[in-house]
Q: 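What follows is a single structure, and I will ask about it in a moment.
Indexing begins at 1, ligand by ligand and atom by atom, following the structure's order. These numbers come from the heavy atoms of this one structure, side chains and all, not from hydrogens, waters or symmetry mates. Because the structure is a prediction, the values reported are computed rather than measured.
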Amino acid sequence: MTFTEILNRRRSIRRFTSQKIDRNLIDRLLKAAFTAPSSKNTRSTRFMVVENPDLLARIAEMRDFGSAFVKDAPLAIVVLGDTSATDLWVDNCAISATILQLAAVDEGLGSCWVHVNGRPRKREEPDGETATEWLREILPIPENWQPLCVIALGYPDGEIKPHSEKNDLEQVIRL
Ligand SMILES: Cc1cc2nc3c(=O)[nH]c(=O)nc-3n(C[C@H](O)[C@H](O)[C@H](O)COP(=O)(O)O)c2cc1C
């Protein structure tokens, strides 16, 4: 697939078939994500690979909005940053997660970013328990690692069309 095809095909996929993802393929995705640039080459991004259905169901409960579909994904990769390595761990994680999602397209997979950092578990309780606190309860996350997001992955169940051409270039200031 050309890079342009990958970019055009990438859509957020939230419905997956039950087909498992080969271990070697998962490793290729992780290796792709590790190619990400990072501030001062701190390489602060870490990953947690979750295939256990019980854990996937618990991850899905991390928020009462926008994360339920993780329960039916065959794979979730938690993207975390080592906060002791850099203050720019969020930025580094975001780049790594994006490359992971693009690599997934190249492998015929679909994926969706599910946000963690700064989100409450319950939409109506913005100051209540956070999604991060919940993940720390259910996953063995080292103290100095902070989750930015979970990338849900699997073989797409159905097609989502590429975005139609928009007038994005109108958002650009040329000097
Ligand atoms: C920072 C960020 C946070 C997101 N959080 C969620 C989320 O919590 N749940 C979800 O279903 N989708 C989430 N998404 C996916 C967006 O909803 C999606 O990218 C957007 O609607 C555009 O659709 P597309 O990815 O198909 O182009 C997130 C995407 C980004 C980049």
Q: Passes side-chain contact (heavy atoms from CB on, under 4.5 Å), Asp106 versus Glu5? Steps please.
A: CA-CA 9 Å; Asp106 197 33; Glu5 283 169 337; over 6 Å; no
Q: Can you confirm whether more than 12 heavy atoms, excluding those of Arg9, are under 6.0 Å from its CZ atom?
A: no
Q: Regarding atom 12 (N) of ligand 1: of the candidates Lys161, Arg11, Arg10, Arg14, which has the closest heavy atom?
A: Arg14
Q: What protein heavy atom lies closest to atom 9 (N) of ligand 1? Include the residue and the distance to one decimal.
A: Gly66 O, 2.9 Å
Q: Under 4.0 Å from a heavy atom of Arg63: give me the atoms of ligand 1 that qualify, with their elements.
A: 7 (C), 8 (O)
Q: Where is the nearest protein heavy atom to atom 27 (O) of ligand 1: which residue, which atom, and how far?
A: His163 NE2, 2.5 Å
Q: Which is it for Ala94 and ligand 1 at heavy atoms under 4.0 Å: side chain, backbone, both or neither?
A: neither
Q: Give the C-alpha distance, both sets of side-chain angles, the deciding distance and a yes or no for side-chain contact (heavy atoms from CB on, under 4.5 Å) between Leu109 and Leu25.
A: CA-CA 10 Å; Leu109 295 173; Leu25 194 164; 3.5 Å; yes
Q: Hydrogens and angles aside, do Ser111 and Gln101 bring a side-chain donor and acceptor to less than 3.5 Å of each other?
A: yes
Q: Which of the atoms in ligand 1, numbered in the order shown and given with their element, are less than 4.0 Å from a heavy-atom of Cys112?
A: 10 (C), 11 (O), 12 (N)
Q: Parallel under 30°, tilted from 30 to 60°, perpendicular over 60°: which one fits the rings of Phe69 and Phe16?
A: tilted
Q: Looking only at the side chains, is there a donor atom on one of Asn144 and Ser84 sitting less than 3.5 Å from an acceptor on the other?
A: yes
Q: With atoms numbered from 1 as shown, which atoms in ligand 1 lie under 4.0 angstrom from a non-hydrogen atom of Phe69?
A: 11 (O)
Q: Would one find an N or O of Val114, backbone or side chain, under 3.5 Å from an N or O of ligand 1?
A: no
Q: Got Lys31 and Phe34 here, is their nearest side-chain heavy-atom distance under 4.5 Å?
A: no
Q: Distance to 0.1 Å, residue and atom name: give those for the protein heavy atom nearest to atom 25 (O) of ligand 1.
A: Ser12 OG, 2.5 Å
Q: Among protein heavy atoms, which sits nearest to atom 4 (C) of ligand 1, and what does the distance come to when rounded to 0.1 Å?
A: Trp113 CD1, 3.4 Å
